[in-house]
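Following: one structure in structure tokens, then a few remarks.
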Amino acid sequence: MAGTGSGRVAGNLPGDVTRFVGRWQATAEVKRVLSVARLVTLTGVGGVGKSRLAVHVGRGVRRRFPDGVWLVELATLGDPALVEQAVAAALGLRDHSRRDPVTVLVEFLAGKRLLLILDNCEHVLDGCGRLVVRLLTAVPRLSVLATSREPLGVPGEHRWPVPPLSLPPTEPDARVPAGSCDALALFADRAAVVVPGFALTGDNEPVVARLCRRLDGLPLAIELAAVRMRIMSVEQLLARLEDRFALLTGGSPTSLPRHHTLRATVDWSFELCSAAERRLWARCSVFAGDFDLDAAEGVCAGPGLAHDEVFEAVSGLIDKSVLVREERGAGMRYRVLETIRQYGRERLAEAGDTAVWCRRHRDYYLHLADQADTDSGGPHQREWVERLRVERANLFAALDYCLTVPGQQRDGLRLGAALWFYWIACGFVRDGRYWLDRALAADPAPSRDRARGLWINGWIACLQGDYQAGLALLEESRDLAQQLGDDTEPTYATQHLGWARLASGDLQQAVPLLDHVLARHRASSRWPAPALIIFPIQIFVAGTAGDTDHAMDLLDECQTICASRGERWAWSWTLNAAGITWLTAGNPRQAAAHLCECLRVKRDVIDQLGYPFGVDLLSWAAAAEGDWARAAVLQGAADKMWEPIGRPLFGFGALIDQGQEWRTRTRDALGDRAYHDALQHGARMTPEQAIACALGE
């Protein structure tokens with residue numbers, strides 16, 4: 001992961017200060033404490049560098065934790081109930097069962113030696129505390145490093161206050177070891193970026209020292225001040241800050257508390273911004289996590305900040321260290337440090353504009369979800385997978401707005417349903433169930449949005465193996481849509497009713513429903529991605545019945561439709577069903593050809609739920625051809641890939657039985673020792689290596 005996202009710790013956080021002497025010493029001390037304590041909480045005021053220190057410590061102890069050091073960013077969460085899901089997402093868990101999220105985490109972490117870094121816990125302390133206690137109790141080799149403005153307050157917690165950067169003594173004759181004043185070194189480092197050639201000298205060092213003392217050695221405050229060297233001298237910086245502090249203390253010479261020091265510095269930085277920059281600073285505080293330029297223009301442009309002024313304002317705030325620029329795979333993104341974001345939110349509230357810009361944020365992401373919904377059946381599926389994943393925090397913030405602000409619940413249903421591609425194709429079914437359950441409970445009034453939300457939630461419930469709830473949701477959706485005179489939603493609800501009955505083994509009721517749905521889709525000629533899912537279902541039915549010719553006719557029909565639309569995701573599942581058909585027909589070579597093509601398409605659209613399915617079925621094909629060693633390696637790789645998803649083969653009883661039969665035959669053919677070794681070889685593969693192995697690349 002990148003150091004600024006959630007996931008495995010790798011790179012630096014922006015504005016790294018850990019290379020300075022005192023921070024190296026702090027890093028060493030925290031590492032020592034982590035060797036004897038399983039829960040360490042770094043505490044301190046905003047801007048003191050807790051997050052940066054935690055990430056640096058994480059990089060330094062990676063060798064102690066063979067299963068990784070994982071960063072979980074919590075600053076964007078608005079609901080303590082989402083802490084478990086944030087941890088699961090950071091770990092790459094795609095579990096789509098209905099099990100308790102903490103149970104899922106415990107099972108995944110069992111036996112692993114791993115460090116979790118929980119960053120910015122202060123606003124979800126209760127949720128963090130409960131989760132940490134349960135995890136540390138159940139997972140004896142787990143350690144947790146938390147950052148928070150206040151301790152978690154749970155048993156076994158070791159609190160480590162993060163000190164400000166070291167400052168020079170006030171006594172004029174005191175001897176200071178060279179390079180030991182981190183505050184001065186940081187100022188000089190940042191000032192040299194904006195004023196090339198700047199260095200501490202005998203002339204300017206006393207003034208810089210006084211400035212850094214006035215800033216209490218807070219890294220964020222020093223960085224905000226240093227960027228002003230572009231337009232001011234050190235003496236001018238100090239004079240301006242002295243004026244600011246005098247206002248706060250009524251002229252008293254006593255030192256300010258550190259939170260006042262930071263507030264004064266941020267106040268001063270805000271006032272030195274242009275009017276456009278100040279407006280953007282306040283308005284972009286409504287974003288959760290990072291955002292791109294399109295989002296900044298779409299959300300923040302308005303009175304006092306024209307659309308074509310946003311780019312210049314973004315550039316200005318980057319220059320002033322208010323915004324952090326980050327390059328992602330999807331393009332350039334911008335992030336506001338949490339202390340800066342909170343300040344902007346306060347300014348927005350002071351102007352009475354919070355509701356306006358929060359709604360603008362919601363409207364932007366609702367429109368984005370509608371675009372994804374409309375475009376999810378075309379050639380841009382991979383781009384939408386990447387875009388929706390990177391916007392996760394903002395989409396969740398928009399959903400939370402809809403479900404907590406009176407009168408917005410209907411839009412919450414619309415947004416939750418529009419994100420079906422994210423929930424299902426991107427593998428976040430647990431998140432989808434959480435938000436759609438909330439949205440449906442918040443807006444029980446009959447509507448087309450409710451009918452659609454019901455069938456998508458029913459689809460998700462069936463994917464989770466919760467067939468009883470899924471059937472109830474789908475039947476309610478069908479009945480409501482018929483009551484409202486909607487001729488579209490009943491078809492989709494009926495389609496998934498048939499799928500649910502098929503998955504639970506009730507072919508007698510499933511087949512007539514599925515035949516009716518296919519006829520309706522053909523008559524309408526509307527083929528969005530959810531409608532195309534009828535083909536893999538029908539091919540599975542035909543293949544299971546031994547009607548291979550009919551299954552291949554359906555495959556050809558689906559290929560023609562998908563090719564004309566550039567659709568890839570539903571097509572991959574159709575190829576998957578074709579592979580199962582040929583395995584059932586006793587033709588493993590033909591099955592492997594379809595399954596390899598399926599896996600290539602899934603890799604192209606980043607269908608992480610589909611990867612283990614393809615690898616697992618290819619292990620069957622290898623076993624059917626007598627390639628027992630390859631079959632065992634692929635079985636081990638598939639087991640490892642299913643682990644974070646939670647329900648092998650989506651819980652289809654017939655498929656699970658077939659898979660177990662092939663495993664038994666493979667073990668009998670190889671012998672216990674060779675089979676175990678091959679399984680372990682596959683389990684050690686990364687998902688990319690497993691896919692390449694399955695494809696023979």
Side-chain angles (χ1 to χ4, degrees), residues 373-381 417-418 420-421 424-425 448 451-452 454-456 458-459 462-463 470-471 474-475 477-503 506-582 584-585 594 597-598 601 605:
D373 187 14
T374 301
D375 206 23
S376 58
H380 303 297
Q381 288 173 323
W420 75 267
F421 190 73
I424 295 170
R448 292 191 175 188
R452 188 166 195 243
L454 284 164
W455 78 255
I456 291 173
W459 183 4
C462 292
L463 281 173
L471 288 168
L474 292 164
E475 287 170 352
S477 171
R478 181 192 58 189
D479 295 346
L480 176 58
Q482 290 173 341
Q483 173 190 328
L484 296 171
D486 187 333
D487 64 349
T488 301
E489 304 307 337
T491 304
Y492 291 116
T494 303
Q495 172 175 304
H496 289 94
L497 274 169
W499 182 80
R501 297 193 186 286
L502 176 66
D506 188 357
L507 267 71
Q508 187 172 359
Q509 290 197 47
V511 171
L513 290 174
L514 295 170
D515 288 344
H516 168 75
V517 169
L518 180 56
R520 288 291 304 269
H521 284 322
R522 283 170 171 162
S524 72
S525 297
R526 293 193 298 265
W527 291 107
L532 289 166
I533 292 298
I534 190 62
F535 284 103
I537 299 173
Q538 286 278 25
I539 289 171
F540 181 84
V541 172
T544 302
D547 193 348
T548 306
D549 289 341
H550 181 48
M552 292 305 103
D553 288 341
L554 290 166
L555 180 71
D556 292 340
E557 181 182 357
C558 184
Q559 183 178 26
T560 300
I561 297 169
C562 290
S564 69
R565 287 162 171 75
E567 208 289 335
R568 306 280 284 164
W569 175 73
W571 173 238
S572 72
W573 286 109
T574 308
L575 287 165
N576 184 283
I580 295 172
T581 295
W582 285 114
T584 304
H594 285 87
E597 180 59 20
C598 161
V601 177
V605 298

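Residues: numbered from 1 along the sequence shown.
Between Arg452 and Trp420, the closest side-chain pair of non-hydrogen atoms falls below 4.5 Å. Between Asp549 and Met552 the shortest side-chain heavy-atom distance does not fall below 4.5 Å. No side-chain heavy atom of Thr494 sits under 4.5 Å from any side-chain heavy atom of Trp455. Between Thr574 and Gln559 the shortest side-chain heavy-atom distance does not fall below 4.5 Å.
Considering CG of Leu502 and CZ of Phe540, their distance stands at 5.5 Å, rounded to 0.5 Å. Rounded to the nearest 0.5 angstrom, Glu557 CD and Phe535 CZ are separated by 3.5 Å. Between the NE2 atom in His496 and the CZ atom in Arg478 there is a gap of 14.0 Å [rounded to 0.5 Å]. Atom CD1 of Ile539 is separated from atom CG of Asp547 by 11.5 Å, given to the nearest 0.5 angstrom. If you take CD1 on Ile534 and CH2 on Trp527, they are separated by 8.0 Å, rounding to the nearest 0.5 Å. Here Ile580 contributes atom CD1 and Thr544 contributes atom OG1; the two are 7.5 Å apart, rounded to the nearest 0.5 Å.
Nearest heavy-atom pair, Ser477 versus Leu454, reported as atom, atom and distance to 0.1 Å: CB-CB, 3.5 Å. Leu514 and Gln538 make their closest contact through O-NE2, 3.1 Å (heavy atoms, listed as atom of the first residue, atom of the second, distance). What you find for Leu575 and Cys598 is that their closest heavy atoms are CB-CB, 3.6 Å. Residue Ala570 comes nearest to Ala529 through the heavy atom pair CB-O, 4.1 Å, listed as atom of the first residue, atom of the second, then distance. Smallest separation of non-hydrogen atoms from Ala585 and Thr548: CB-OG1, 3.7 Å. When all heavy atoms of Leu532 and Pro536 are compared, the pair lying nearest together is O-CD, 3.3 Å.
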Does Val517 form a side chain to side chain contact (heavy atoms under 4.5 Å, CB included) with Arg520? I'd like the steps, not just the answer.
CA-CA 5 Å; Val517 169; Arg520 288 291 304 269; 5.6 Å; no

Can Glu597 and Val601 be said to form a side chain to side chain contact (heavy atoms under 4.5 Å, CB included), step by step?
CA-CA 6 Å; Glu597 180 59 20; Val601 177; 3.7 Å; yes

If you apply the rule side chain to side chain contact (heavy atoms under 4.5 Å, CB included), what do you find for Leu555 with His594, and how did you get there?
CA-CA 11 Å; Leu555 180 71; His594 285 87; 3.6 Å; yes

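For Glu567 (side chain) and Gly378 (main-chain N/O), no donor-acceptor pair under 3.5 Å exists by modelled atom type. Using modelled atom types, one side-chain atom of Gln381 and one backbone atom of Trp569 make a donor-acceptor pair closer than 3.5 Å.
In this view, Leu484 and Arg448, Leu480 satisfy the side chain to side chain contact (heavy atoms under 4.5 Å, CB included) rule, not counting sequence neighbours. Listed by chain and residue number, nothing satisfies the salt bridge (Lys or Arg N to Asp or Glu O under 4.0 Å) test with Arg526 (two or more places apart in sequence, or in another chain).
Ring-plane geometry between Tyr492 and His521 is classed as tilted, the angle between the planes lying from 30 to 60 degrees on a 0 to 90 degree scale.
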